Each structure stands twice: as C-alpha cells, then as structure tokens.
Peer 1: 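Sharing a structure here in structure tokens format.
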Amino acid sequence: METSTDRCARAILDTVPSIVQAIRVEMRLERLHDLSVPQFRTLAFIGRQPGCSLSDVADFIGLTAPSMSVLINGLVERGLVRRETSLLDRRRVMLNLTPAGEQLHTRALDGTLAWLSRL
C-alpha cells in the first residue's frame, strides 16, 4: 500500500526532472551570459560555500574530479573563479568567486528567477 510520503516522493521524482529540463532550455535560449548549466551551478555552489575544494564542487555537481578541474580551469581563465592555497594546509586549494564571478552569477540567477516567476 502506497503511503502519502510515497506519493510525495513519487511526485517529486516525476516533477523535478521536468523543471530542471525547463530551466536548461530557458538558460540555453537566454544564453545567460554564456554560462552552461554546470558552470552556473558551480558558481552558485562556490558562492554559497566560499573556500570550498574542487572535490566539494565535483561531489555536488556530479562530475569526476578531472572533469570538474577542466570546468574550474575554464572559469578561472574567464576571471570568474579564483584558486587560493589554504593558509592552514598548503596542499588544499580553496575556490572563491571573483567580483566578476559574483556579478555574473547574480545576473544569471536574477534572470532565471524572473523567468520562473513569470512562468
């Protein structure tokens, strides 16, 4: 017998992929300042978790460490993310948004939120 929590879980699993796909389509249509969905999500994660590691972001996004490293390299080259060596552990690299990264993420987020609100 299916419980109300089972129905809720099923509704979430049925609904979320459609929402995510709609957001992806909108982001591609708007080009959101030339950010891909993984780049947008990466900037969002780093913005919420300043000083996070590459592994932290890779786990959240669902990419391997080498794939995330390539994505981060592109964001660093664009001047959106900054790599910094930890003062406490020189082996640890911390990721932070640059002012340009913060500004771009905010604009992309605001555009997506406005679209969702209109929808």
Side-chain angles (χ1 to χ4, degrees):
M1 183 164 138
E2 191 173 60
T3 66
S4 63
T5 55
D6 292 336
R7 284 191 303 275
C8 181
R10 183 169 302 286
I12 289 170
L13 289 175
D14 289 345
T15 306
V16 169
S18 297
I19 293 169
V20 170
Q21 181 59 29
I23 291 170
R24 282 189 177 125
V25 168
E26 179 62 19
M27 288 181 74
R28 286 187 186 112
L29 288 174
E30 294 293 326
R31 297 289 300 160
L32 281 177
H33 314 287
D34 294 322
L35 282 180
S36 69
V37 173
Q39 289 171 328
F40 175 79
R41 292 183 66 218
T42 298
L43 291 179
F45 183 84
I46 295 170
R48 285 190 311 272
Q49 304 289 328
C52 63
S53 70
L54 187 125
S55 296
D56 296 334
V57 184
D59 288 343
F60 176 76
I61 301 296
L63 293 176
T64 63
S67 295
M68 181 52 66
S69 183
V70 170
L71 192 149
I72 291 294
N73 285 344
L75 294 173
V76 168
E77 288 172 9
R78 290 178 62 186
L80 302 174
V81 172
R82 176 174 68 248
R83 283 188 176 110
E84 300 171 323
T85 303
S86 170
L87 297 175
L88 301 175
D89 182 354
R90 297 185 58 81
R91 297 170 295 174
R92 179 167 158 57
V93 174
M94 301 180 310
L95 301 173
N96 290 291
L97 296 181
T98 65
E102 288 176 15
Q103 184 179 26
L104 183 59
H105 174 255
T106 298
R107 281 187 299 184
L109 181 61
D110 289 348
T112 303
L113 290 172
W115 171 76
L116 281 171
S117 293
R118 287 189 308 272
L119 186 64

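Since the structure is predicted, the reported quantities are computational estimates derived from the model, not experimental observations. Numbers here simply count residues along the sequence, with the first being 1.
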Peer 1: Determine whether a donor-acceptor pair (N or O, by modelled atom type, separation under 3.5 Å) exists between the side chain of Asp14 and the backbone of Ala11.
Peer 2: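 Flag not set: sc Asp14 to bb Ala11 has no pair under 3.5 Å.
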Peer 1: Is the side chain of Ser117 donor-acceptor paired with the backbone N or O of Leu113 at a distance under 3.5 Å, no angle test?
Peer 2: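 Flag set: sc Ser117 to bb Leu113 pair under 3.5 Å.
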Peer 1: Please report the interatomic distance CG(Leu75) to OG(Ser36), rounded to the nearest 0.5 Å.
Peer 2: 7.5 Å
Peer 1: Can you confirm whether more than 12 heavy atoms, excluding those of Arg48, are under 6.0 Å from its CZ atom?
Peer 2: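 Yes.
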Peer 1: Working to the nearest 0.5 Å, report the span between CG of Asp59 and CE of Met68.
Peer 2: 9.0 Å
Peer 1: Where is the tightest heavy-atom contact between Leu54 and Ala65, given as atom of each residue plus distance?
Peer 2: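 For Leu54 versus Ala65, the nearest heavy atoms are CD2-O, 3.5 Å.
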Peer 1: For Glu2, give me all partners under salt bridge (charged side-chain N to carboxylate O under 4.0 Å, His left out), at least two apart in sequence or on another chain.
Peer 2: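 Listed in chain order: Arg10.
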Peer 1: Given the rule that I, L, V, M, F, W and Y join up when any side-chain heavy atoms are under 4.5 Å apart, are Ile72 and Val93 in one cluster?
Peer 2: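 No, no single cluster joins them.
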Peer 1: Output the distance between atom OG (Ser53) and atom CD1 (Ile46), rounded to the nearest 0.5 Å.
Peer 2: 10.0 Å
Peer 1: For Thr15, enumerate each residue passing the side-chain hydrogen bond (donor to acceptor under 3.5 Å, both in side chains) test, keeping only those at least two apart in sequence or located in another chain.
Peer 2: none
Peer 1: Might you work through the side chain to side chain contact (heavy atoms under 4.5 Å, CB included) test for Thr42 and Leu63, ending with a clear yes or no?
Peer 2: CA-CA 11 Å; Thr42 298; Leu63 293 176; 6.0 Å; no
Peer 1: If the condition is side-chain hydrogen bond (donor to acceptor under 3.5 Å, both in side chains), which residues does Ser67 pass it with, not counting sequence neighbours?
Peer 2: Thr64
Peer 1: Other than Val16, which residues form its hydrophobic cluster under the rule that side-chain heavy atoms must be closer than 4.5 Å?
Peer 2: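 Val16 clusters with Ile12, Val20.
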Peer 1: Treating Ile, Leu, Val, Met, Phe, Trp and Tyr as nodes and any side-chain heavy-atom pair under 4.5 angstrom as an edge, say whether Leu43 and Met94 lie in one connected cluster.
Peer 2: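 No, no single cluster joins them.
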Peer 1: Excluding sequence neighbours, so at least two apart, what forms side-chain hydrogen bond (donor to acceptor under 3.5 Å, both in side chains) with Asp6?
Peer 2: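 Thr3.
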Peer 1: Only distances under 3.5 Å count here; give the side-chain donor-acceptor pairs of residues 80-87 to other protein atoms, sequence neighbours excluded, each with its distance to 0.1 Å.
Peer 2:
| residue | atom | partner | partner atom | Å |
| --- | --- | --- | --- | --- |
| Arg82 | NE | Glu84 | OE2 | 2.7 |
| Arg83 | NH1 | Asn73 | OD1 | 3.0 |
| Arg83 | NH2 | Asn73 | OD1 | 2.5 |
| Glu84 | OE1 | Asn96 | ND2 | 2.7 |
| Ser86 | OG | Leu88 | N | 3.1 |
| Ser86 | OG | Asp89 | N | 3.2 |

Peer 1: Could you go step by step and tell me if Asp56 and Phe45 meet the side chain to side chain contact (heavy atoms under 4.5 Å, CB included) rule?
Peer 2: CA-CA 9 Å; Asp56 296 334; Phe45 183 84; 4.0 Å; yes
Peer 1: Nearest 0.5 Å please: distance from the CG atom of Leu97 over to the CD atom of Gln49.
Peer 2: 11.5 Å
